[in-house]
Amino acid sequence: QVQLQESGPGLVKPSQTLSLTCTVSGGSITTGYYYWSWIRQPPGKGLEWIGYIFDNGKTSFSPSLKSRTSISTDTSKNQFTLQLTSVTPEDTAVYYCARERAGRDLVYWGQGTQVTVSS
């Protein structure tokens, strides 16, 4: 079974860059038909899709976050990383990484990691 684990700082100051890494075991991030995704859930709100990386480097992002978001991979470590720049307190959320596949319902999730944006 594929497992995903988020890691990174739990506290980020406003205007700084949020950086989280997802470490994948039991599967390779180079598998082209999987979408390696980042999703977040602000407190008291629903899930919000951030973006994904797929097909060995292609990316897609939420229109509202595109200008501030990047996702990259480190294939040697089987990891993919989210960077969200110029953060504000509205970026406070539980951040999840996930593996998805187009046309399929099964999604593997990481456990999530709390990130708080505060000075």
Any idea which heavy atoms bring Arg40 and Ala93 closest together, and the distance? CB-CB, 3.9 Å
If you apply the rule side-chain contact (heavy atoms from CB on, under 4.5 Å), what do you find for Thr113 with Gln5, and how did you get there? CA-CA 9 Å; Thr113 186; Gln5 177 66 59; over 6 Å; no
Checking Asn56 side chain against Thr31 main chain: does a donor-acceptor pair fall under 3.5 Å? no
Tightest non-hydrogen contact, residues Thr17 and Val12, listed as O-CG1, 3.9 Å
Please check if any side-chain donor atom of Ser28 sits under 3.5 Å from a side-chain acceptor atom of Thr30, or the reverse. yes
May I ask you to test the Glu48-Gln41 pair for a side-chain heavy-atom distance under 4.5 Å? no
Do Trp38 and Leu20 make a side-chain contact, defined as non-hydrogen atoms from C-beta onward lying under 4.5 Å apart? yes
Does Tyr95 reach the side chain of Leu18, with side-chain heavy atoms less than 4.5 Å apart? yes
So Tyr35 and Phe54, would you call those rings parallel, tilted or perpendicular, with 30° and 60° as cut-offs? parallel
Could you grab the distance from atom CG of Asp74 to atom CD of Gln79, nearest 0.5 Å is fine? 6.0 Å
Is it possible for you to say whether Tyr108 and Leu82 belong to one hydrophobic cluster, with membership spreading through side-chain heavy-atom contacts below 4.5 Å? yes
Nearest-0.5 Å distance that lies between atom OG1 in Thr88 and atom CD in Gln16: 13.0 Å
Could you check whether any side-chain heavy atom of Phe80 comes within less than 4.5 Å of a side-chain heavy atom of Thr21, counting everything from C-beta outward? no
Chi angles and distances behind the side-chain contact (heavy atoms from CB on, under 4.5 Å) call for Thr73, Ile53: CA-CA 8 Å; Thr73 62; Ile53 189 164; 3.5 Å; yes
Treat each ILVMFWY residue as a node, draw an edge where side-chain heavy atoms are under 4.5 Å apart, and state whether Leu106 and Trp109 are in one component. no
Donor-acceptor pair, Glu6 side chain versus Cys97 backbone, under 3.5 Å? yes
Compute the centroid of each ring, for Trp36 and then for Tyr52, and state whether the two points are separated by less than 6.0 Å. no
Side chains of Ser86 and Ser15: closer than 4.5 Å at any heavy-atom pair? no
Would you compute the distance between atom SG of Cys22 and atom CD1 of Ile29 and round it to the nearest 0.5 angstrom? 9.0 Å
Suppose we call two aromatic rings close when their centres sit under 6.0 Å apart. Are Trp49 and Phe61 close by that rule? no
How close do Arg99 and Leu4 get, heavy atom to heavy atom, and via which atoms? N-CD2, 3.9 Å
To the nearest 0.5 Å, what is the distance between OG1 on Thr81 and CD1 on Ile71? 9.5 Å
Quick check for you: to the nearest 0.5 Å, what is the distance between Ser62 atom OG and Ile39 atom CD1? 11.5 Å
Of all the heavy-atom pairs spanning Gln83 and Ser19, show the shortest one and how long it is. CG-OG, 4.0 Å
Does Gln3, at its CD atom, have more than 12 non-hydrogen atoms belonging to other residues, nucleotides or ligands within less than 6.0 Å? no
Can you name the nearest heavy-atom pair linking Ala98 to Val107, along with the distance? CB-CG1, 3.8 Å
OG of Ser37 to CD1 of Ile50, rounded to nearest 0.5 Å, is 10.0 Å
Restricting to non-hydrogen atoms, name the atom on Val87 and the atom on Lys13 that form the minimum distance, rounded to 0.1 Å. CG2-O, 3.4 Å
Please confirm whether the backbone N or O of Val117 pairs with a side-chain atom of Asp91, one donor and one acceptor, at under 3.5 Å? no
